[in-house]
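Whatever order the structure lists them in is the order used to number ligands and atoms, beginning at 1.
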Amino acid sequence: MSVVKISPVPLDQAPEVTEFLTRLDLGSLRQDEISAFRGRNDSWAGVTSTGFPVFVKRVGGEPSTVRPRVDRIKAMGELLNTHPVVNAPRFLGADEESGLVAFALLQHAQSGSDLGGDGFTWELAHSAGFQVGTLHTLQLPQAVAEDTSEPPLPPLKALVALPLEAYAVASGAELEAWAILHNDPVVVAEIRKLAAWEKDSTPVLVHGDLRLDQFLHHHGKLHLVDWEEARRADAARDVGAFVGEWLYRGVLGMASHEETVSDREVVANGARRFEMLRPNIEAFWSGYLEARPAARADRDLATRAAAFAGWHMFDRLLAAGYERARLTPLERAAAGVGRKVLINAADFTATLGIGG
Ligand SMILES: Nc1ncnc2c1ncn2[C@@H]1O[C@H](COP(=O)(O)OP(=O)(O)O)[C@@H](O)[C@H]1O
Ligand SMILES: [Mg+2]
């Protein structure tokens, strides 16, 4: 399976896309030849009239957050355009007013989440770790260095109660996911502790939203996309997100007849399946430490990363609930696993593949 494509917003309903591409001297896209990718934001992909393969996305959401997100994308794009190790699709331009950003399109790329357990080879996972480790050694671009906004997750305020506006638009499954958090003061306290712990760490340049679908495999190389949450923050955020992605897959891939298995079986199957996925994390971690040997001096990095991986289960749970009526039993099981890892992070580093 290749990257999931969906129908793009028609270009005549978004004339700013054509204006933007024309201003960048890239030609224009034709309505019958474009596609879009699944993501939070609208996107348009295709080959322009001048023969240029482009990917355009519109940074959407809360208006006050659009400009800083575009600024981060721009700063990271300019930094990585000339970087020899951290691969990203070539950044072509940004427009703060419309929220549009353009990149070279990696045609027929496969995303890390499509590659899955088998397709994500040792070499790719090692490369992912090496690139992220290298990223964490880079000097911060000015716009990111000056940005003191909090990374959006974990949402510390919403941990106690959901704001009314968010409650009103939440789906049944999202409310279920929030209720799991709100009814668990131990988890809430652990998440708060993690946030405080992060504040004491030495911050580095992080990607900030390192899910598997942000990796694109193209012509044998792994590229990293979606830099809108790049920040000066704890390295454990990125390491923990990568670990958490595989952990979540381990839990979700556990059983075929999920309604009939017992909790005990769910956990046993999940552990077994995770054993098969763990080499991906081990390869990532060895690549990471090769690129950033100084990380060994940060003695708590692996423990904080494990805690972030635990948090990541809740993050995935909230995302999974989007526009759905109910969570599945396996999704609820993922929250249970996340809880354990969050609370006992130090005991889980070796099991998670970031012990050595
Ligand atoms: N330059 C690119 N070439 C090909 N596909 C891309 C490119 N950039 C992003 N994509 C695909 O589009 C998806 C959405 O892009 P992304 O920047 O992650 O936006 P969002 O903020 O909507 O998640 C990515 O997960 C990836 O599959
Ligand atoms: Mg994305």
Asks: Could you list all the salt bridge (Lys or Arg N to Asp or Glu O under 4.0 Å) pairs where at least one residue sits in residues 218-232, not counting sequence neighbours?
Replies: Arg40-Asp226, Lys57-Asp226, Lys57-Glu228, Arg69-Glu228, Arg72-Glu229, Asp147-Arg231, Glu229-Arg231
Asks: For ligand 1, note which part of Lys57 has a heavy atom under 4.0 Å away: side chain, backbone, both or neither.
Replies: side chain
Asks: For ligand 1, which atoms have a heavy atom of Glu228 less than 4.0 angstrom away?
Replies: 21 (O)
Asks: Tell me which one of Phe120, Phe284, Phe274 satisfies ring-ring contact (aromatic ring centres under 6.0 Å, His included) with Trp246.
Replies: Phe120
Asks: What atoms of ligand 1 come within less than 4.0 Å of a heavy atom belonging to Gln214?
Replies: 18 (O)
Asks: Would you check whether Asn41 has a nitrogen or oxygen atom less than 3.5 angstrom from a nitrogen or oxygen atom of ligand 1?
Replies: yes
Asks: Does any non-hydrogen side-chain atom of Trp44 lie less than 4.5 Å from one of Arg58?
Replies: yes
Asks: Taking salt bridge (Lys or Arg N to Asp or Glu O under 4.0 Å) as the test, write out the residues that go with Glu290, two or more places apart.
Replies: none
Asks: Give a yes or no on whether the backbone of Leu100 and the side-chain of Glu16 come within a donor-acceptor separation of less than 3.5 Å.
Replies: no
Asks: Is Arg316 reaching over with its side chain to a backbone N or O of Glu245, donor-acceptor style, under 3.5 angstrom?
Replies: no
Asks: Going by the rule salt bridge (Lys or Arg N to Asp or Glu O under 4.0 Å), which residues pair with Glu123 if we only count those two or more places apart in sequence or in a different chain?
Replies: none
Asks: Please report whether ligand 1 has a polar contact with Val225, defined as an N or O pair separated by less than 3.5 Å (distance criterion only).
Replies: no
Asks: Does the side chain of Leu205 reach to within under 4.5 Å of the side chain of Met76, using non-hydrogen atoms?
Replies: yes
Asks: Counting each atom of ligand 1 from 1 as listed, which ones have a heavy atom of Leu105 under 4.0 Å away?
Replies: 3 (N), 4 (C)
Asks: In terms of atom number and element, which parts of ligand 1 are under 4.0 angstrom from non-hydrogen atoms of Pro89?
Replies: 1 (N)
Asks: Show which atoms of ligand 1 fall inside a sub-4.0 Å distance from at least one heavy-atom site of Arg40.
Replies: 20 (P), 21 (O), 22 (O), 23 (O)
Asks: Within the side chain of Glu198, is there an N or O that forms a donor-acceptor pair under 3.5 Å with the backbone of Ala233?
Replies: no
Asks: Judging by distance only, is a nitrogen or oxygen of Arg38 under 3.5 angstrom from one on ligand 1?
Replies: no
Asks: For ligand 1, is any non-hydrogen atom under 4.0 Å from Ala104's backbone (N, CA, C, O), its side chain (CB onward), both, or neither?
Replies: backbone
Asks: Out of Leu216, Asp42, Leu224, who gets a non-hydrogen atom closest to atom 5 (N) of ligand 1?
Replies: Leu216
Asks: Answer with yes or no after comparing the ring centroid distance for Phe308 and Trp311 against a 6.0 Å cut-off, counting only values under it.
Replies: no
Asks: Can you list, by chain and residue number, the protein N, O or S atoms under 2.8 Å from the Mg ion (ligand 2)?
Replies: Gln214 OE1, Asp226 OD2
Asks: Compare every heavy atom of Phe37 with every heavy atom of Ser43, then report the nearest pair and how far apart it is.
Replies: OG-N, 3.0 Å
